[in-house]
Amino acid sequence: MTYTPTAPMGGYRDMNRLMSLMTGDEKHGPAATSTLDALWVLYDRVLRVTPDTVDAPDRDRFLLSKGHGPMAYYAVLAAHGFFGEELLPGFGVYDSPLGHHPDRTLVPGVEIGSGSLGHGLPLAVGTVLGLRAQGLTDPRVWVLVGDAELDEGSNHEALAYAGPAGLEQLHTVVIDNASASYARPDGIAARFEAAGWSVDAVDGRDHEALYTAFTAPHPGRPRAVIARVAPKS
């Protein structure tokens with residue numbers, strides 16, 4: 001697959017404007033803005049998918065498990081040309097394709113309908129296995145989860161399976177904004193490491209640190225990047 005990075009008009013500096021177009025009481029602002037930098041780096045520099053390749057079998061797949069706060073996701077997709085920014089002010093409005101949870105049947109580039117926490121990582125594991133069954137070993141599967149989602153047992157079943165299975169195509173970004181209810185004695189990174197994942201923890205606002213962590217080689221193992229953030233106001 002040949003990947004040509006998109007050239008979004010305005011770039012990252014335009015994100016505040018795009019996000020400001022989306023209003024309403026149910027926008028989950030802190031949940032959304034905590035994901036902004038990781039999403040930007042992924043779509044701008046890492047993911048091998050463009051508006052022209054959203055249905056290509058050899059595209060990278062990105063699954064937003066943290067789907068209850070999709071504002072930043074919508075803004076990043078619009079900035080990269082997956083749909084026009086004129087849709088953003090309709091966020092959450094009746095008949096708008098941009099719902100409070102993303103819908104894969106309505107929004108170009110969205111791979112799963114999400115928002116019910118705890119499903120994205122298991123779906124990502126299944127996606128990798130499905131790609132393998134088709135002989136597609138080049139596409140990478142990325143899933144973004146929140147730290148509180150790791151309170152859900154389904155995530156730990158997927159996490160425990162992926163390491164021993166050697167799912168090298170699988171990449172998980174955990175947005176750690178200290179919102180989990182149940183503390184882990186050695187932190188989130190240790191949980192992934194114990195299951196055989198390649199793991200790194202970085203400042204979730206530092207684009208270069210994120211890019212380095214996202215692109216580090218991890219032969220034979222799935223990759224987890226723990227992005228520590230304080231939600232923007």
Side-chain angles (χ1 to χ4, degrees), residues 6 8-47 62-93 96-103 107 109-118 120-121 142-151 171-181 188 200-211 213-214 224-233:
T6 56
M9 181 176 287
Y12 180 77
R13 65 181 180 273
D14 203 31
M15 286 298 96
N16 284 339
R17 182 187 68 82
L18 292 176
M19 292 183 69
S20 72
L21 297 176
M22 292 172 277
T23 59
D25 293 336
E26 299 299 323
K27 64 184 181 180
H28 289 285
T33 53
S34 68
T35 68
L36 177 59
D37 297 277
L39 286 168
W40 179 264
V41 174
L42 282 172
Y43 274 91
D44 199 52
R45 302 172 65 180
V46 178
L47 290 173
F62 173 77
L63 283 58
L64 180 69
S65 187
K66 192 178 169 72
H68 62 290
M71 266 201 324
Y73 186 38
Y74 291 154
V76 170
L77 287 174
H80 287 82
F82 287 85
F83 56 82
E85 69 172 74
E86 66 275 3
L87 292 180
L88 296 177
F91 169 61
V93 175
S96 170
L98 305 184
H100 292 127
H101 293 182
D103 187 329
V107 185
V110 171
E111 296 282 358
I112 60 170
S114 62
S116 181
L117 299 180
L121 183 52
W142 290 80
V143 57
L144 186 149
V145 307
D147 61 323
E149 283 193 83
L150 297 180
D151 293 340
H171 304 74
T172 299
V173 183
V174 181
I175 302 298
D176 181 9
N177 54 13
S179 62
S181 298
I188 295 171
D200 201 359
V202 299
D203 180 347
R205 301 294 188 198
D206 185 330
H207 290 197
E208 290 307 315
L210 287 165
Y211 176 74
F214 290 163
V225 176
I226 318 304
R228 301 183 179 122
V229 300
K232 293 180 179 179
S233 58

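Side chains included, hydrogens not; waters and symmetry mates left out as well; all remaining heavy atoms used.
Side-chain contact between V229 and D37 is absent, with no heavy-atom pair separated by less than 4.5 Å. Side chains of L210 and V46 form no contact here, defined as non-hydrogen atoms less than 4.5 Å apart. Inter-residue side-chain proximity for M19 and R17 is flagged as unmet; no heavy-atom pair is nearer than 4.5 Å. L64 is not listed as a side-chain neighbour of V110, based on a closest heavy-atom distance of 4.5 Å or more. Within the 4.5 Å cutoff, no side-chain heavy atoms of F82 are placed close to those of V76. Looking at heavy atoms from C-beta onward, F91 lies out of side-chain contact with L21 at the 4.5 angstrom threshold. A heavy-atom distance below 4.5 Å is found between the side chains of H80 and D44. You'll find the side chain of E85 stays beyond 4.5 Å of the side chain of Y74, heavy atoms only.
Between atom NZ of residue K66 and atom CG of residue L144 there is a gap of 7.5 Å, rounded to the nearest 0.5 Å. We find the CE-OG1 distance between M71 and T33 to be 6.5 Å, quoted to the nearest 0.5 Å. One distance of note links CZ of R228 with OG of S34; it measures 15.0 Å at 0.5 Å rounding. Here the straight-line distance linking atom CD1 of I188 with atom CG of L150 works out to 5.5 Å at 0.5 Å rounding. Separating the CG atom in L77 from the CG atom in L18 is a distance of 11.0 Å, to the nearest 0.5 Å. Taken to the nearest 0.5 Å, the CG atom of L39 stands 7.0 Å off from the CD1 atom of I175.
Between G146 and V174, the shortest heavy-atom contact is C-CG1, 4.4 Å. When every heavy atom of L98 is checked against every heavy atom of L87, the shortest pair comes out as CD1-O, 3.4 Å. In plain terms, the two heavy atoms of A227 and G204 that are nearest each other are CB-CA, 3.8 Å. Here the shortest heavy-atom pairing between S114 and S65 reads CB-O, 4.2 Å. Between V173 and A38 the shortest heavy-atom distance is CG1-CB, 4.3 Å. Closest approach of G92 to H100, counting heavy atoms only: CA-NE2, 3.7 Å.
Among residues two or more places apart in sequence or in another chain, the ring pair (Phe, Tyr, Trp, His ring centres under 6.0 Å) test is passed with F214 by W142. Under the side chain to side chain donor-acceptor pair (under 3.5 Å) criterion, E86 pairs with no residue at all, not counting sequence neighbours. Residues meeting the ring pair (Phe, Tyr, Trp, His ring centres under 6.0 Å) test with F62, sequence neighbours left out: Y43, Y73.
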